[in-house]
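Below is one structure, written out as structure tokens; the observations come after it.
Note that ligands are numbered from 1 as they come in the structure, with each ligand's atoms numbered from 1 the same way. The model shown is predicted, which means the values in this text are computed figures rather than measured ones.
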Amino acid sequence: MTVYLVGAGPGDPELLTVKASRVLQGADVVLHDSLVDARVLGLAPAGALLIDVGKRCGTRATAQSDINRLICYHAGAGGTVVRLKGGDPMIFGRADEELAALQAAGIACEVVPGVTAATAAAAALGLSLTKRQVSRALHILTGHGADGALPAHHWVALANAGGTLALYMGARQITGVAAHLIEAGLPPRTPAVAVESASLPAQRIIRGDIAGLGKALSEAPPLGPVIVLIGEALAGRRAALVEQIRFAADAAACAPAG
Ligand code: SAH
């Protein structure tokens with residue numbers, strides 16, 4: 001029996017690692033999050049058992065303890081089990097709980113990392129999350145604490161750390177996050193960008209500053225997953241340039257030969 005804990009990346013199937021693609025193609029059972037793109041799931045063999053254990057926007061599809069039991073149960077049956085999670089499994093993916101359950105059951109597991117939402121969003125923006133003299137740190141934090149409330153982060157430390165903040169699961173809490181950060185000393189004009197559905201056709205970029213991003217998001221409510229990036233490294237706009245490059249490349253590819 002083999003279990004792979006696999007990162008599916010942010011959505012675009014081309015961002016799957018070669019290894020993730022290979023283990024998926026050999027899977028007997030795939031237990032996947034709801035956010036995983038259908039084209040990624042399509043890599044599993046036709047006869048593979050696909051089980052959606054995901055939860056979306058607070059609706060709990062399968063309790064974590066049941067997911068742990070399901071993984072162990074299917075692994076015990078002897079096949080190759082792939083536990084497929086959005087982005088990277090080790091970032092806000094409860095991978096530790098699943099690894100602990102597997103360890104307790106004496107089942108070996110290999111983790112296959114994936115492209116996480118923060119770096120997919122940076123790629124979409126054409127902006128680096130770290131920047132010489134400007135951003136020497138990257139902080140990954142969640143806006144979703146126990147019972148959906150904003151977690152009690154050390155806002156003063158975050159506001160004064162001088163790096164980029166990558167806020168996962170925080171679109172609904174952005175106004176509260178902004179209020180805490182501004183109260184803790186972060187300048188209200190600090191650049192803040194929300195990237196919805198990074199790497200997917202529905203990708204949307206909402207730019208602003210930390211004081212105004214909540215309003216901008218409420219005026220155009222997102223439908224897909226959103227990551228919010230905050231910090232001076234997000235100043236500037238390079239996405240237009242990236243788009244131009246892509247457009248030029250597409251035009252060249254479409255140009256008649258000769
Ligand atoms: N393990 C995942 C994160 C899971 S938590 C990873 O490494 O990316 C789920 C949160 O991830 C979402 O609420 C959102 O904040 C972020 N997210 C996941 N996919 C995303 C995408 N394609 N675009 C923007 N944010 C995304």
Suppose I only count heavy atoms of [X] and a 4.0 Å limit; which atoms of ligand 1 are within that range?
{"X": "T116", "result": "6 (C), 7 (O), 8 (O)"}
{"X": "I227", "result": "24 (C), 25 (N)"}
{"X": "F92", "result": "4 (C), 5 (S)"}
{"X": "S197", "result": "22 (N), 23 (N), 24 (C)"}
{"X": "V195", "result": "24 (C)"}
{"X": "A117", "result": "6 (C), 8 (O), 16 (C), 17 (N), 18 (C), 20 (C), 25 (N), 26 (C)"}
{"X": "P10", "result": "22 (N)"}

Hey, does [X] come in under 3.5 Å of ligand 1, counting only N/O atoms on both sides?
{"X": "V226", "result": "yes"}
{"X": "L35", "result": "no"}
{"X": "L167", "result": "no"}

* **Pair R189 + D209: basic N to acidic O under 4.0 Å** => yes
* Asked: Who gets closest to atom 21 (C) of ligand 1 by heavy atom: A198, G11, A194?
  -> A198
* side chain to side chain contact (heavy atoms under 4.5 Å, CB included) between L158 and H180, worked out -> CA-CA 10 Å; L158 289 171; H180 280 292; over 6 Å; no
* To do: Consider ligand 1: state whether an atom of it lies below 4.0 angstrom from any non-hydrogen atom of S199.
  => no
* Asked: Are any of the heavy atoms in G86 under 4.0 Å away from ligand 1?
  ->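 Under 4.0 Å: yes for G86.
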* Is atom CD of E97 surrounded by more than 12 heavy atoms (other residues, nucleotides or ligands) closer than 6.0 Å? -> yes
* Asked: Within a radius of less than 6.0 Å around CD of E14, do more than 12 heavy atoms belonging to other residues, nucleotides or ligands occur?
  ->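 Not more than 12 within 6.0 Å, no.
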* **Check: F92 and T116 side chains under 4.5 Å, non-hydrogen atoms** =>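 Side-chain contact under 4.5 Å: no.
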* To do: Taking the side chain as every heavy atom from C-beta outward, state whether L125 and L229 have any atom pair closer than 4.5 Å.
  => yes
* Side-chain donor-acceptor contact under 3.5 Å, S21 with Q25 -> yes
* Asked: Is the backbone of P89 close enough, under 3.5 Å, to the side chain of R83 for a donor and an acceptor to pair up by distance?
  ->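 Flag not set: sc R83 to bb P89 has no pair under 3.5 Å.
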* Structure fact -> In this structure, OG1 of T164 is separated from CD1 of I230 (nearest 0.5 Å) by 10.0 Å
